[in-house]
Asker: 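Mind looking over this structure? Questions follow.
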Protein chains: 2
Amino acid sequence: MIDIAFFEGLLREKQYKMTVQRKTVLEIFVDFSERHLSAEDVYGILRERASGIGLATVYRTLELLAELELLEKLDLGDGRNRYEMKPLKRSVRHHHLICMSCGKIREVDSAAIQRALNAIEHESGYSIIDHQVKLYGYCHECRK
Amino acid sequence: MIDIAFFEGLLREKQYKMTVQRKTVLEIFVDFSERHLSAEDVYGILRERASGIGLATVYRTLELLAELELLEKLDLGDGRNRYEMKPLKRSVRHHHLICMSCGKIREVDSAAIQRALNAIEHESGYSIIDHQVKLYGYCHECRK
DNA sequence: CTTAGTGCAAAACCTTTGCAACTCT
DNA sequence: AGAGTTGCAAAGGTTTTGCACTAAG
């Protein structure tokens with residue numbers, strides 16, 4: 001998936017150093033690629049693995065990995081930042097459907113949203129770099 | 001705009017009381033209807049007016065006004081909640097274009113986005129109650 | 001060796017809460 | 001009178017920062 005040599009290359013470009021801590025945190029995101037992990041989540045997993053990595057390092061590493069575009073920072077509205085692996089190329093960004101009852105997060109792709117956003121970019125005169133679309137509602141199971 | 005009798009009606013429905021504090025906070029949103037105010041912003045304005053209203057009351061009032069659907073709670077990604085007046089009826093929700101350089105926030109309506117979201121609701125089996133669309137980029141002035 | 005990175009604890013923020021005093025209805 | 005409301009200060013939760021120590025290039 002993410003190979004270490006590629007990661008080292010990204011780091012070297014900006015004079016950053018490869019450390020065990022950084023490698024370990026990135027590996028967690030590979031192992032839990034389907035989840036949206038907060039700093040505290042990552043720290044919890046690290047403690048289970050008795051890694052000795054501190055919480056401050058987790059925060060600093062997450063910020064770094066997002067800057068390198070290996071992770072994507074998400075704000076899912078629960079008062080803490082979350083991160084997920086960022087696929088290297090994806091033509092259509094995916095969005096998050098959040099169940100207000102059970103908290104489950106489902107991802108959706110939508111070419112239609114993408115088109116609507118492109119239209120706004122055109123009309124508004126802004127150049128749009130990034131966007132976040134969050135949909136809140138009730139999932140199938142919680143709806144009865 | 002918002003008339004006080006209407007506000008009192010909403011309060012009475014849920015056994016809430018009309019207080020000077022609540023009236024004052026709501027008036028601020030009428031006065032600054034074009035802005036997206038945080039709790040601290042509101043508190044600052046109140047202090048200028050030497051109102052004696054405490055910060056905790058501001059937080060409680062903002063939450064109350066959002067519950068009554070007079071205000072809308074926004075998460076614009078700057079680490080604090082913001083609020084804006086919620087128009088009584090608007091068929092198409094508006095979204096926020098945030099300039100990453102000067103911080104300016106522009107609002108956009110988009111029927112196309114609305115349609116895309118309706119389609120997702122249909123396909124996903126979720127019932128969508130609310131949504132937030134945030135677009136980050138550079139505004140016309142900051143683009144040269 | 002030199003510079004960047006780490007861990008810890010403390011600090012910084014934003015927001016919520018406990019409680020006695022107060023104020024609408 | 002009685003229930004809801006307020007202000008203050010304290011506590012909570014997440015994220016950042018200062019600093020001495022350690023490790024990577």
Side-chain angles (χ1 to χ4, degrees), chain A residues 4-5 7-28 36-47 49-68 70-83 103, chain B residues 4-5 7-28 36-47 49-68 70-71 73-83:
Chain A
I4 295 300
F7 182 26
E8 284 193 309
L10 288 179
L11 290 172
R12 196 159 28 236
E13 263 178 44
K14 305 201 176 170
Q15 248 103 298
Y16 295 138
K17 292 174 179 170
M18 168 61 91
T19 64
V20 203
Q21 289 84 344
R22 288 171 178 174
K23 197 150 76 79
T24 310
V25 170
L26 185 54
E27 278 165 2
I28 286 178
H36 307 83
L37 302 171
S38 66
E40 203 66 50
D41 290 339
V42 172
Y43 185 58
I45 296 168
L46 287 170
R47 294 182 73 198
R49 300 187 181 178
S51 72
I53 298 177
L55 182 57
T57 298
V58 172
Y59 275 99
R60 289 186 281 231
T61 302
L62 293 177
E63 191 172 354
L64 175 72
L65 294 175
E67 183 199 328
L68 297 178
L70 292 170
L71 296 185
E72 180 157 358
K73 190 177 193 168
L74 308 173
D75 175 359
L76 265 23
D78 62 347
R80 74 208 64 184
N81 291 127
R82 296 181 170 278
Y83 295 82
Chain B
I4 296 299
F7 182 26
E8 285 193 309
L10 287 179
L11 290 172
R12 195 158 29 238
E13 264 178 43
K14 307 202 176 172
Q15 250 100 299
Y16 295 138
K17 290 173 179 169
M18 168 61 92
T19 64
V20 202
Q21 290 87 341
R22 289 171 177 171
K23 195 149 77 79
T24 310
V25 169
L26 185 54
E27 278 164 1
I28 286 179
H36 308 82
L37 303 171
S38 66
E40 204 66 49
D41 290 340
V42 172
Y43 185 57
I45 295 167
L46 288 170
R47 294 182 72 198
R49 300 187 181 177
S51 71
I53 298 177
L55 182 57
T57 300
V58 172
Y59 275 101
R60 287 185 282 231
T61 304
L62 293 177
E63 191 171 356
L64 175 72
L65 294 175
E67 183 198 328
L68 297 178
L70 291 170
L71 296 184
K73 190 177 194 170
L74 307 173
D75 174 358
L76 265 24
D78 63 347
R80 72 207 62 187
N81 290 127
R82 296 182 169 280
Y83 295 81

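Protein chains get the first letters and strands the later ones, always in sequence-line order, with residue 1 at the start of each. Here the structure is a predicted model, which means the values were calculated and not measured.
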Asker: Counting only heavy atoms not in Glu8(A), do more than 12 sit closer than 6.0 Å to its CD atom?
Answerer: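 Counting neighbours around CD of Glu8(A), more than 12 heavy atoms of other residues, nucleotides or ligands fall under 6.0 Å, so yes.
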
Asker: Please report the interatomic distance CD1(Ile53(A)) to CG(Leu46(A)), rounded to the nearest 0.5 Å.
Answerer: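 Nearest 0.5 Å value for the CD1-CG distance: 5.0 Å.
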
Asker: Looking at residues at least two apart in the chain, or sitting in another chain, which of them share a salt bridge (Lys or Arg N to Asp or Glu O under 4.0 Å) with Arg22(A)?
Answerer: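 None.
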
Asker: Polar atom pairs between nucleotides 7-14 of chain D and protein, under 3.5 Å, N or O only, would you list them?
Answerer:
unit_1: dG7(D); atom_1: OP1; unit_2: Gln21(B); atom_2: NE2; d: 3.3
unit_1: dG7(D); atom_1: OP1; unit_2: Gly52(B); atom_2: O; d: 3.2
unit_1: dG7(D); atom_1: OP2; unit_2: Gly54(B); atom_2: N; d: 3.0
unit_1: dG7(D); atom_1: OP2; unit_2: Thr57(B); atom_2: OG1; d: 2.4
unit_1: dG7(D); atom_1: N7; unit_2: Arg60(B); atom_2: NH2; d: 2.7
unit_1: dG7(D); atom_1: O6; unit_2: Arg60(B); atom_2: NH2; d: 3.3
unit_1: dT14(D); atom_1: OP1; unit_2: Arg80(A); atom_2: NH1; d: 3.1
unit_1: dT14(D); atom_1: OP1; unit_2: Arg80(A); atom_2: NH2; d: 3.0

Asker: Over how many whole Å does the gap from Leu26(B) atom CG to dT5(D) atom P extend?
Answerer: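 From Leu26(B) CG to dT5(D) P: 15 Å.
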
Asker: Using whole Å, report how far NZ of Lys23(B) lies from P of dC24(C).
Answerer: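 Interatomic distance, NZ of Lys23(B) to P of dC24(C): 11 Å.
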
Asker: Please assess Val42(B) against Tyr59(B) for the test side-chain contact (heavy atoms from CB on, under 4.5 Å), listing each intermediate value before the final yes or no.
Answerer: CA-CA 9 Å; Val42(B) 172; Tyr59(B) 275 101; over 6 Å; no

Asker: Can you tell me the distance, in whole Å, between the CG atom of Leu62(B) and the C1' atom of dT5(D)?
Answerer: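 Atom-to-atom, Leu62(B) to dT5(D), this comes out as 15 Å.
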
Asker: Within this structure, what is the OH-OG1 distance for the pair Tyr83(B) and Thr61(B), rounded to the nearest 0.5 Å?
Answerer: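 With rounding to 0.5 Å, OH (Tyr83(B)) is 10.5 Å from OG1 (Thr61(B)).
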
Asker: Considering heavy-atom distances to DNA chain C, does Gln15(A) or Lys73(B) have its closest nucleotide positioned more toward the 5' end?
Answerer: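 In this pair, the answer is Gln15(A).
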
Asker: Could you state the interatomic distance from CZ (Arg60(A)) to OG1 (Thr57(A)), rounded to the nearest 0.5 Å?
Answerer: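 Reported value, rounded in 0.5 Å steps: 5.0 Å.
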
Asker: Could you state the interatomic distance from CG (Leu74(A)) to CG (Asn81(A)), rounded to the nearest 0.5 Å?
Answerer: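 That separation rounds to 8.5 Å.
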
Asker: Over how many whole Å does the gap from Leu11(B) atom CG to dT6(D) atom P extend?
Answerer: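 Whole-Å distance recorded here is 10 Å.
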
Asker: Scan nucleotides 20-25 of chain D nucleotide by nucleotide, 5' to 3', and note B when protein non-hydrogen atoms come under 4.0 Å of the base, S if they reach only the sugar-phosphate, - if neither.
Answerer: ----BS

Asker: Rounding to an integer number of Å, can you tell me how far Leu64(A) CG sits from dT16(D) P?
Answerer: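 Rounding to the nearest Å, CG of Leu64(A) and P of dT16(D) are 13 Å apart.
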
Asker: Please report the distance, rounded to the nearest Å, between CG in Leu10(B) and C1' in dG4(D).
Answerer: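 Rounded to whole Å, this separation is 17 Å.
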
Asker: Kindly say if Arg22(B) contacts the phosphate of dC24(C), meaning a side-chain N or O under 4.0 Å from OP1 or OP2.
Answerer: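 So the side-chain polar atoms of Arg22(B) never come under 4.0 Å of the phosphate oxygens OP1 or OP2 of dC24(C).
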
Asker: Working to the nearest 0.5 Å, report the span between CG of Leu71(B) and CG of Leu26(B).
Answerer: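 Rounded to the nearest 0.5 Å, the CG-CG separation comes out at 6.5 Å.
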
Asker: For Arg47(A), I'd like to know if atom CZ has over 12 heavy atoms of other residues, nucleotides or ligands within 6.0 Å.
Answerer: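 Result for CZ/Arg47(A): open.
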
